[in-house]
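Below you'll find the structure, written out as structure tokens, and then a few comments.
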2 protein chains.
Amino acid sequence: MTTEPEVPAYRPPTLTDVAKLAGVSVATASKAINGRGEVRSTTRVRVLEAAELLSFAPNALARGLLSGRTGTVGLLTSDLEGRFSIPILMGAEDASGAGQVSVFLCDARGDAIREKHHVQALLSRRVDGLIVVGSRTDPRPPLAGNIPVPVVYVYAPSADPADISITVDNVGGGRLAIEHLLACGRRTIAHITGEAGFQAARDRAEGAAAALAAAGLRMVGDRPYFGSWDESWGRAAAHMVVEQHPEVDAIFCGSDQIARGVLETLRDFGREVPRSISVIGFDNWEAIAADSRPRLTSIDMNLKHLGEVAGQRLFAAIDGAAPSSEEFPGRVVMRESTLPVG
Amino acid sequence: MTTEPEVPAYRPPTLTDVAKLAGVSVATASKAINGRGEVRSTTRVRVLEAAELLSFAPNALARGLLSGRTGTVGLLTSDLEGRFSIPILMGAEDASGAGQVSVFLCDARGDAIREKHHVQALLSRRVDGLIVVGSRTDPRPPLAGNIPVPVVYVYAPSADPADISITVDNVGGGRLAIEHLLACGRRTIAHITGEAGFQAARDRAEGAAAALAAAGLRMVGDRPYFGSWDESWGRAAAHMVVEQHPEVDAIFCGSDQIARGVLETLRDFGREVPRSISVIGFDNWEAIAADSRPRLTSIDMNLKHLGEVAGQRLFAAIDGAAPSSEEFPGRVVMRESTLPVG
DNA sequence: AACACCCCCGAAAAGGTTTTAGGATGTGCT
DNA sequence: AGCACATCCTAAAACCTTTTCGGGGGTGTT
């Protein structure tokens, strides 16, 4: 009871162990392992063999303490479901390339206190930079306090235009959707979307309206049907649209979930998709869009690419560059719900 | 060009800075801040004020280098969509309590090479422990190499029974589902589920069969309908079931996605849910289950709780305890698809 | 044989924190 | 006055790696 559990406590091998085994000094061992400095090739292999034998892995803490660089970046998300964060995380990791850099994800759960705490935790562990992922596209307040490392905001831009933000071009996305429907031969198009309080909903609607105007057309009902992002709203709104405007021949939905609801109601009404009416969604959420009946055409926001770019910009900023914000277009992922009429 | 960019390079304040400002030695400053050792109260407040003023945050690298503890655990996931990992991450974070410990997530994408790389990266950063999350419940090979820190496997158990694994009781989950349907007054129950290659599918089917046998009943068709985890299979299998066994009055689905497909086919056949037939899913995936028509009763695996327990077990192991594996039951989340007949 | 020179290696310092052991100061008692 | 002792603080070592600088030894040249 008086002393500790007395576990043998396997101690990870240190550079000193390697050097001792190889019969050289720690300085030489370090140089041999990192390929720096002048060291005879025979010595180098001797050190490398010793390191291999002990399965030595350098202590990143000591290294970071000395160099000021830890080769670590934090990815801070507020996206509960991880639907946006995971692809962005993957992209950021890919951008880190050969693997000198590790990306660690923390979930702030949309809670400012928790976010502050995670930022502190990451900074005290001396991350080289931060990626902040929002759960919606509305501008978000920049991280509080003066952050001593570069920060890149993804998906949700920072409210401070001086910050680096990598975002989706939702206006362009709305335009893409409409242009696709037009290319399929549709002319009488309605737009059912989520809450008007979301920038994403307003932007997509704006792009849709612009594309229609450019073709000399108007939206069915003259304005978007704002509601919520879920299936029930899709069902309810589709009901209204079909009853009030039976001539409608395409519906652009602000989310794939809305589109699922729309599909269901159209089926109830006996409106065949895509023969009689086309439907296009937004997000390209595989679990929702890829296995509906018919399978759903959707706008993909290329989140993984967004993450890649965010990673690249962050690494550039860490290396002293001053990158700027950027906005990326989505792309149409075509499935059966918008087969061209013909 | 000859020298570095010459940035002022905001240097984070060190303990030395604080000590200097407070007019004490670093040792005293350390003790004052950590509340350790004998230090006069007037001195303590002087130090704390100085720390506050400089917004000093201790360098976790230096601290970890010395103590051998970093207050960091790595959560390694193979779950592409993050559908399982995020709740588990949240649970593990909650288990870490006051916030001395941070949990960092890495995504191995089900790739052994990438997994190895991430383990190396985490270990070189001297995490105190690892949580490994699998994407399916089949036992997985334990982490390769001798890991010098405790490891807890969640969702997917380690193939080595000596390891600590925290898993879902899928047999019990299957039993729960059937018992719920029986309690709703159903007697003629079919089971449509995913690939027989998945332990989860086999376990749930086993539990279902056992619960039916205990009630003196048999499964419709005498065996589960194994197929795939998606909606199309749900539609196809429901078609078969309803045609071959029109007397069926309940369907237990191995996933919520399958259940969605089943619901759709039942609607095509004019079988009213839940009046004429009940449907129960598995996973309680909100996006799928919470907004279908009717809304879907489902088995929830309590993943967040799983993460909490995993965190607790890991922290216990880090503190020298020798915790054991554990299996947790799910729970029925009731919605409209299984309203009792009456 | 003496010298210049190159190649390789080792000693030491630095980075920020915690802990241990000991030193300085002041108080109470004989 | 001298001593024991409690209280508060400091100096220094330790953690592990990287880098700089200098030294030792060998080789080629005159």
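Quick note on labels: first sequence line is chain A, next is B, and so on, each numbered from 1.
Within 4.0 Å (heavy atoms only), B/T14 reaches sugar-phosphate atoms of the nucleic acid but no base atom. Using a 4.0 Å heavy-atom distance criterion, B/T28 is classed as a base contact.
The nearest whole Å value for the distance from the CG atom in B/D17 to the P atom in C/dG15 is 12 Å. The separation between B/R125 atom CZ and D/dC15 atom P is 23 Å, rounded to whole Å. Distance, A/R36 CZ to D/dT18 C1': 8 Å, rounded to whole Å. C/dA14 atom C1' lies 13 Å from atom CZ of B/R11, rounded to whole Å. If you measure from atom CD of B/E38 to atom C1' of C/dT19, you get 14 Å, rounded to the nearest angstrom. For B/I33 and C/dT19, the CD1 to P distance is 13 Å, given to the nearest whole Å. A straight line from NZ of B/K20 to P of D/dC9 spans 19 Å, rounded to a whole angstrom. If you take NZ of B/K31 and P of D/dT7, they are 14 Å apart, rounded to a whole angstrom.
Under 3.5 Å, the side chains of A/S158 and A/D163 contain a donor-acceptor pair of N or O atoms. Counting only N and O atoms by type, the side chains of A/R125 and B/T72 include a donor and acceptor under 3.5 Å apart.
Note on A/E38 versus A/R44: no salt bridge recorded, every NZ/NE/NH1/NH2 to OD/OE distance being 4.0 Å or above.
Listed in residue order, the members of residues 43-67 of chain B having a heavy atom less than 4.0 Å from DNA chain D are B/T43, B/L65, B/L66.
Ring planes of A/F328 and A/H305: perpendicular class, angle over 60° (limits at 30 and 60°).
At D/dT7, none of the side-chain N or O atoms of B/R40 fall inside 4.0 Å of OP1 or OP2 (strictly under the cut-off).
With A/N34 contributing its side chain and A/S30 its backbone, the two residues share a donor-acceptor pair below 3.5 Å.
Residues B/V73 and B/L130 are not in side-chain contact: their nearest non-hydrogen atoms beyond the backbone lie 4.5 Å or more apart. Residues B/M90 and A/R109 have side chains in contact (heavy-atom distance under 4.5 Å, counting atoms from C-beta outward).
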